[in-house]
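Scope of the values below: all heavy atoms of this structure, side chains included, with no hydrogens, waters or symmetry mates.
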Amino acid sequence: MSIDEKKTDNPVLPPEQQNPLSGGIELLTKVLKSVFVILAVVIIALLIWFLTCGGSFIVDSTTESVIVLKFGKFHGEYKEGWHWFPPYPITKIIRIPTRKETVVSTAFLPSNAAKIRDSKAKTLMGNDAGSTLTPGVDGYALLKDNTIIHSEWSLTYRIASPEDFYQNCISREANAFSDAASEDFVSDGELKMVKLDAVSAMLRALLDAAVIEAGRTLDIEQTYYDPNNYLQTVRNILNRKIAALGIGIEMDNLTMTLISPPLKTRDAFQEFLLAKTTAQREVEEAKTFKAELEQKTSAETEKIVADGRLKKQQIIEETEADAKSFKEILEKYKDAPDATIISFTKQLAESLEQVREKYVISTDNASGSEVRLKINREPAKKKATPDDGKEAAK
């Protein structure tokens, strides 16, 4: 068969007589090509995102620290800035909050604690609540001297070492409570933010244990009447307990927001406190008076000593002057005895003329006798008054 005969056997049909499925196949091909292009673009975009931002994260240094795990193992800690790692599941990022958290303990408050703060407050047990304490309902601490005391505590803490916190408190390999570790997270894809509810509950229990332990060693004088000592003792015990855990938590502050004896005995405690305050004030006043008196006495003593030293110096100077004068007289006497005696006698006579009362006593040296006289001054004459005349007339 010739070529022309073959062409005649398979003539080219017009479009309206061709296979109706050929157009759909052609359209499907175009759609598949478009989808392929779109998928290629998406894959390329995902690849670019994976290599740039897929495993990136930014650390807010004021509120958190980031722990990076590679294949479930600790890789490093990051405290600030932008970082990139291969995304999940190669890398896991755990955000650990480092901001301050507050824990309040009311375990040692009674059910009528509102009345301790305000005597006019209403409570569930009524206005007369407080006459008794019900175990399991009212909280209290027992001190060394068997005194009951109520208190409320507020603890502020933060995670100072996120690495220690993860290794010793969160990590399943190192944490003895690993079965509950997953409950300490809020999952956000490969990012996990640690919740601190369990940590706060643990620290609240440690705080309560520290208060109880401090009560075993302190009495009412060292607690209610010396709250600073009570607070410092509890703080030291709690610090020791937290450090023993080694979980990277640091106590920022501890305050005792309330301390009170049982409501029924509070008036008696207040009266004792008032008496104690009054006694302390009087003691302080006595100490102040003592200090002022000592200061005044010291000043007077110094003045007397200074006057005595001055008088001593004057007497020494006068004595030295007299000695010098007598030495001069002695030298003159050696040169001219008679003239010196006459001159001295004349001076002595002139001096005696100035003396109002004179006593001259002569003794006999040969006989060895002595004459001793005790002479009182004559009483001063009293001037006559009109009353004296009346007395004389009587």
Side-chain angles (χ1 to χ4, degrees), residues 100-119 121 123 125 129-158 160 199-247 249-284 287:
K100 294 180 181 179
E101 300 287 339
T102 301
V103 174
V104 177
S105 174
T106 58
F108 304 99
L109 289 180
S111 57
N112 60 344
K115 287 200 67 178
I116 294 179
R117 295 185 174 92
D118 183 6
S119 59
T123 64
M125 299 176 65
S131 58
T132 59
L133 294 175
T134 305
V137 176
D138 298 297
Y140 57 87
L142 190 63
L143 303 181
K144 181 178 70 173
D145 55 356
N146 295 326
T147 304
I148 291 175
I149 199 75
H150 300 300
S151 59
E152 182 182 47
W153 303 82
S154 177
L155 167 66
T156 303
Y157 73 94
R158 63 186 181 88
V199 177
S200 296
M202 177 188 66
L203 291 177
R204 186 179 296 108
L206 289 178
L207 174 58
D208 294 344
V211 173
I212 294 173
E213 182 175 342
R216 295 203 309 264
T217 61
L218 303 177
D219 55 25
I220 191 65
E221 288 285 344
Q222 299 167 314
T223 54
Y224 182 65
Y225 296 116
D226 191 2
N228 290 331
N229 176 65
Y230 191 23
L231 175 62
Q232 187 60 42
T233 303
V234 175
R235 181 184 287 116
N236 293 339
I237 295 174
L238 183 57
N239 260 329
R240 186 177 69 248
K241 289 180 177 294
I242 293 176
L245 295 176
I247 56 177
I249 291 178
E250 181 179 278
M251 180 172 61
D252 185 72
N253 190 29
L254 178 66
T255 57
M256 184 168 54
T257 55
L258 185 147
I259 182 170
S260 173
L263 190 60
K264 188 177 181 179
T265 62
R266 188 168 61 173
D267 291 341
F269 275 89
Q270 292 296 331
E271 291 176 0
F272 178 79
L273 180 60
L274 179 61
K276 184 178 181 180
T277 303
T278 303
Q280 289 176 347
R281 183 177 67 250
E282 292 179 354
V283 169
E284 291 299 326
K287 289 181 179 179

Which heavy atom of [X] sits nearest a heavy atom of [Y], and at what distance?
X: V211; Y: V234; value: CG2-CG1, 4.0 Å
X: R235; Y: L254; value: NH2-O, 3.0 Å
X: T223; Y: D219; value: OG1-O, 2.9 Å
X: Y157; Y: I249; value: CD1-CG2, 3.8 Å
X: A107; Y: D208; value: CB-OD2, 3.7 Å
X: I148; Y: P262; value: O-CD, 3.2 Å

Donor-acceptor pair, [X] side chain versus [Y] backbone, under 3.5 Å?
X: R158; Y: D252; value: no
X: H150; Y: P261; value: no
X: D226; Y: E221; value: no
X: Q232; Y: N229; value: no
X: R204; Y: V104; value: yes
X: N239; Y: M251; value: no

Distance from [X] atom [atom1] to [Y] atom [atom2], nearest 0.5 Å?
X: T217; Y: I237; atom1: OG1; atom2: CD1; answer: 5.5 Å
X: I212; Y: L143; atom1: CD1; atom2: CG; answer: 11.5 Å
X: Q222; Y: K144; atom1: CD; atom2: NZ; answer: 5.5 Å
X: W153; Y: T257; atom1: CH2; atom2: OG1; answer: 9.0 Å
X: S260; Y: Y224; atom1: OG; atom2: OH; answer: 6.0 Å
X: L258; Y: S154; atom1: CG; atom2: OG; answer: 12.5 Å

**Q.** Within residues 101-110 or reaching into it, pairs that qualify as salt bridge (Lys or Arg N to Asp or Glu O under 4.0 Å) - sequence neighbours excluded
**A.**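 Residue pairs passing salt bridge (Lys or Arg N to Asp or Glu O under 4.0 Å), neighbours aside: R99-E101.
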Q: Could you check R281 against T278 for side-chain contact (heavy atoms from CB on, under 4.5 Å), going step by step and ending with a plain yes or no?
A: CA-CA 5 Å; R281 183 177 67 250; T278 303; 3.5 Å; yes
Q. Looking at side-chain heavy atoms only, is the closest gap between L203 and L206 below 4.5 Å?
A. yes
Q | pair I247-M202: side-chain heavy atoms closer than 4.5 Å | A | yes
Q | Candidate pair T277 and Y225, rule side-chain contact (heavy atoms from CB on, under 4.5 Å), full reasoning | A | CA-CA 10 Å; T277 303; Y225 296 116; over 6 Å; no
